[in-house]
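Note: hydrogens, waters and symmetry copies are ignored here, and every other heavy atom, side chains too, is used.
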Amino acid sequence: MNVIQSFYTNTNDFAIFCQATYFTLSCLYAKQIGIDITLFTDRTFGEVVYPYNKIDYIFENVDVPNIDPLVWAWPKFIALDHCNRDTIHIDGDVFLQKHLCKQILTNINCDVLVQSQEQFQEHNNAWISTFEQIKHLNFPEWIEKEIPKTMPNNGILCVKNEKLWDDYKKLYWSMAEQCIPGFIIANGFCVPDIIFEQSFLEKLCEKDNYNIQYLFGTDEKEISINSKLFGYSHICGCKKLLLKYTLKVIKSLDFKSWECLFSNFGLMFSEYFEDN
């Protein structure tokens with residue numbers, strides 16, 4: 001099983017600290033169940049995360065696209081493009097804590113595997129706000145300009161079908177490359193990749209009849225049950241609230257990983273290390 005993560009440093013010190021903390025714990029949990037993750041990153045980030053056995057400094061050797069920081073999934077596409085099609089990408093805030101996670105990731109028999117399916121809820125301001133701020137972009141003619149009713153959560157992603165991968169990455173870059181810095185004026189929540197990376201993947205699979213597997217389910221109840229059964233979680237928007245607790249967990253699991261974070265961020269963000 002080939003499992004990877006990706007990160008490119010194009011943000012502020014606090015965001016780097018926050019991401020480094022969650023990537024560290026994600027890696028530690030994966031190691032506990034026998035999953036060895038390769039991190040694709042740059043030296044700035046690679047030097048502040050300790051537990052990875054394999055780090056590929058890919059972004060030191062490729063042309064980094066000139067894309068607005070609001071668009072965050074593009075490193076995933078560059079990393080996956082350098083791997084075999086059975087490679088599984090997991091986000092840095094995805095935790096896999098039980099051996100069942102390894103078992104279900106071992107044999108993937110579908111065109112594309114994603115973490116789960118999300119459903120649009122009335123007054124879902126995140127989806128609405130994002131869509132309103134990107135609807136002026138040039139969409140593919142076969143995709144209606146409308147708020148999605150469903151979309152995958154790509155916290156876990158494996159695109160096994162080569163043709164699908166080629167079409168998917170072209171579709172993604174056709175949108176991401178329109179978002180040069182400053183082209184999107186963020187007014188409230190705006191994460192274009194929930195549309196470019198997630199919604200458009202589902203629409204592409206529907207259009208061309210690809211088999212998309214939702215690993216942990218397609219509704220909130222099913223996902224909640226499976227999260228306990230398989231011991232997985234995806235932190236998403238709660239990172240700042242859980243940061244101090246996450247550092248305590250890291251310290252209990254692997255002191256050297258905690259020490260690396262403390263040596264790089266302890267002075268800048270001392271309040272998060274108090275009582276650790």
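- Ile37 and Leu261 fall within a single hydrophobic cluster, where Ile, Leu, Val, Met, Phe, Trp and Tyr side chains are chained together by heavy-atom contacts under 4.5 Å.
- Counting only heavy atoms from C-beta outward, the side chains of Ser116 and Leu215 never approach each other to under 4.5 Å.
- In this structure, the ring of Phe131 has its center no less than 6.0 angstrom from the ring center of Trp127.
- Rounded to the nearest 0.5 angstrom, Asp93 CG and Leu25 CG are separated by 10.5 Å.
- When the shell of 6.0 Å around CZ of Phe14 is examined, it contains more than 12 heavy atoms from other residues, nucleotides or ligands.
- Heavy atoms from other residues, nucleotides or ligands lying under 6.0 Å from NZ of Lys207 number more than 12.
- Going from atom CG of Asp254 over to atom CD of Gln32 covers 9.5 Å, rounded to the nearest 0.5 Å.
- Taken from OH in Tyr52 to OG in Ser257, the straight-line distance is 9.5 Å, to the nearest 0.5 Å.
- Taking each heavy atom of Phe196 and Cys179 in turn, the nearest pair found is CE1-SG, 3.8 Å.
- Ile4 and Tyr22 are members of different hydrophobic clusters when ILVMFWY side chains are connected at heavy-atom separations under 4.5 Å.
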Evaluation steps, side chain to side chain contact (heavy atoms under 4.5 Å, CB included), between Phe265 and Val48: CA-CA 9 Å; Phe265 302 107; Val48 299; 3.9 Å; yes
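- Separation of atoms CE (Met1) and SG (Cys158) is listed at 10.5 Å; rounding is to 0.5 Å.
- Across every non-hydrogen atom of Leu171 and Pro140, the tightest pair is CD1-CG, 3.3 Å.
- Of the inter-residue distances, the one linking Ile104 atom CD1 with Gln213 atom CD reads 8.5 Å to the nearest 0.5 angstrom.
- Note on Ile194: it does not cluster hydrophobically with Val94, by side-chain heavy-atom contacts below 4.5 Å among ILVMFWY residues.
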Gln121/Gln119 under side chain to side chain donor-acceptor pair (under 3.5 Å): CA gap, chis, key distance, verdict: CA-CA 6 Å; Gln121 304 293 328; Gln119 310 283 334; over 6 Å; no
Glu274 vs Ser270, side chain to side chain donor-acceptor pair (under 3.5 Å): CA-CA, chis, key distance, verdict: CA-CA 7 Å; Glu274 293 172 358; Ser270 59; 4.9 Å; no
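- Remark: Tyr8 OH to Gln19 CD distance equals 15.0 Å, nearest 0.5 Å.
- Within the 4.5 Å cutoff, side-chain heavy atoms of Gln5 are placed close to those of Ile90.
- For Glu132, the CD atom sits in a packed shell: over 12 heavy atoms of surrounding residues, nucleotides or ligands are nearer than 6.0 Å.
- Side-chain contact between Glu222 and Tyr214 is absent, with no heavy-atom pair separated by less than 4.5 Å.
- Taking the six-membered ring where the residue is Trp, Tyr272 and Phe269 present perpendicular rings, their angle passing 60° and hence far from 30°.
- Pairs engaging residues 175-194 under the side chain to side chain donor-acceptor pair (under 3.5 Å) rule: Tyr172-Asp193 [sequence neighbours left out].
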Candidate pair Phe200 and Phe139, rule ring-ring contact (aromatic ring centres under 6.0 Å, His included), full reasoning: CA-CA 10 Å; Phe200 282 10; Phe139 281 41; 5.5 Å; yes
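- Of all heavy-atom pairs spanning Ser199 and Pro148, the tightest one is OG-CG, 3.4 Å.
- In this structure, Phe40 has its ring center no closer than 6.0 Å to that of Tyr57.
- Using a 4.5 Å heavy-atom threshold, the side chains of Leu39 and Val49 count as touching.
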Side chain to side chain contact (heavy atoms under 4.5 Å, CB included) assessment of Leu105 paired with Ile156: CA-CA 10 Å; Leu105 290 172; Ile156 299 172; 4.2 Å; yes
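- Surrounding OH of Tyr50 are at most 12 heavy atoms belonging to other residues, nucleotides or ligands under 6.0 Å away.
- If you chain together hydrophobic residues whose side chains sit under 4.5 Å apart, Val112 and Met175 fall into the same group.
- Residues Leu96 and Ile33 meet the side-chain proximity criterion, which asks for heavy atoms closer than 4.5 Å.
- Remark: aromatic rings of Phe262 and Phe255 are distant, center separation not under 6.0 Å.
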Could you list the donor-acceptor pairs under 3.5 angstrom formed by side chains in residues 63-82, with sequence neighbours left out?
from  : atom 1 : to     : atom 2 : distance (Å)
Asp68 : OD1    : Leu70  : N      : 2.9
Asp68 : OD2    : Gly182 : N      : 3.0
Lys76 : NZ     : Asp91  : OD1    : 3.2
Lys76 : NZ     : Asn154 : O      : 3.2
Lys76 : NZ     : Glu197 : OE2    : 2.6
Asp81 : OD1    : Trp165 : NE1    : 2.8
Asp81 : OD1    : Lys169 : NZ     : 2.8
Asp81 : OD2    : Lys169 : NZ     : 3.2
His82 : ND1    : Ile78  : O      : 2.9

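- Nearest heavy atoms, Ile143 versus Lys203: CG2-CD, 3.7 Å.
- If you chain together hydrophobic residues whose side chains sit under 4.5 Å apart, Leu229 and Phe216 fall into the same group.
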Chi angles and distances behind the side chain to side chain contact (heavy atoms under 4.5 Å, CB included) call for Phe59, Thr9: CA-CA 9 Å; Phe59 299 114; Thr9 307; over 6 Å; no
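- Between Lys31 and Asp36, none of the side-chain N atoms (NZ, or NE/NH1/NH2) sits under 4.0 Å from a carboxylate O, so this pair counts as no salt bridge.
- Taking all atoms of both residues into account, the shortest heavy-atom contact from Gln133 to Cys190 is NE2-CB, 3.5 Å.
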Asn125 vs Phe189, side chain to side chain contact (heavy atoms under 4.5 Å, CB included): CA-CA, chis, key distance, verdict: CA-CA 8 Å; Asn125 290 328; Phe189 184 94; over 6 Å; no
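- Taking 4.5 Å as the limit, some side-chain heavy atom of Tyr232 sits within range of a side-chain heavy atom of Ile223.
- Across every non-hydrogen atom of Cys110 and Lys160, the tightest pair is O-CB, 3.6 Å.
- Sorted by first and then second residue, the side chain to side chain donor-acceptor pair (under 3.5 Å) pairs with a member in residues 139-152 read Thr150-Glu202; sequence neighbours excluded.
- You'll find the side chain of Ile134 stays beyond 4.5 Å of the side chain of Phe183, heavy atoms only.
- Side-chain contact check for Asn153 versus Gln117: every heavy-atom pair is 4.5 Å or farther apart.
- Taking 4.0 Å as the cut-off between side-chain N and carboxylate O, Lys163 and Asp167 count as a salt-bridged pair.
- Tested against Tyr29, the residues Thr24, Ile35, Val249 include a single side chain to side chain contact (heavy atoms under 4.5 Å, CB included) partner, Val249.
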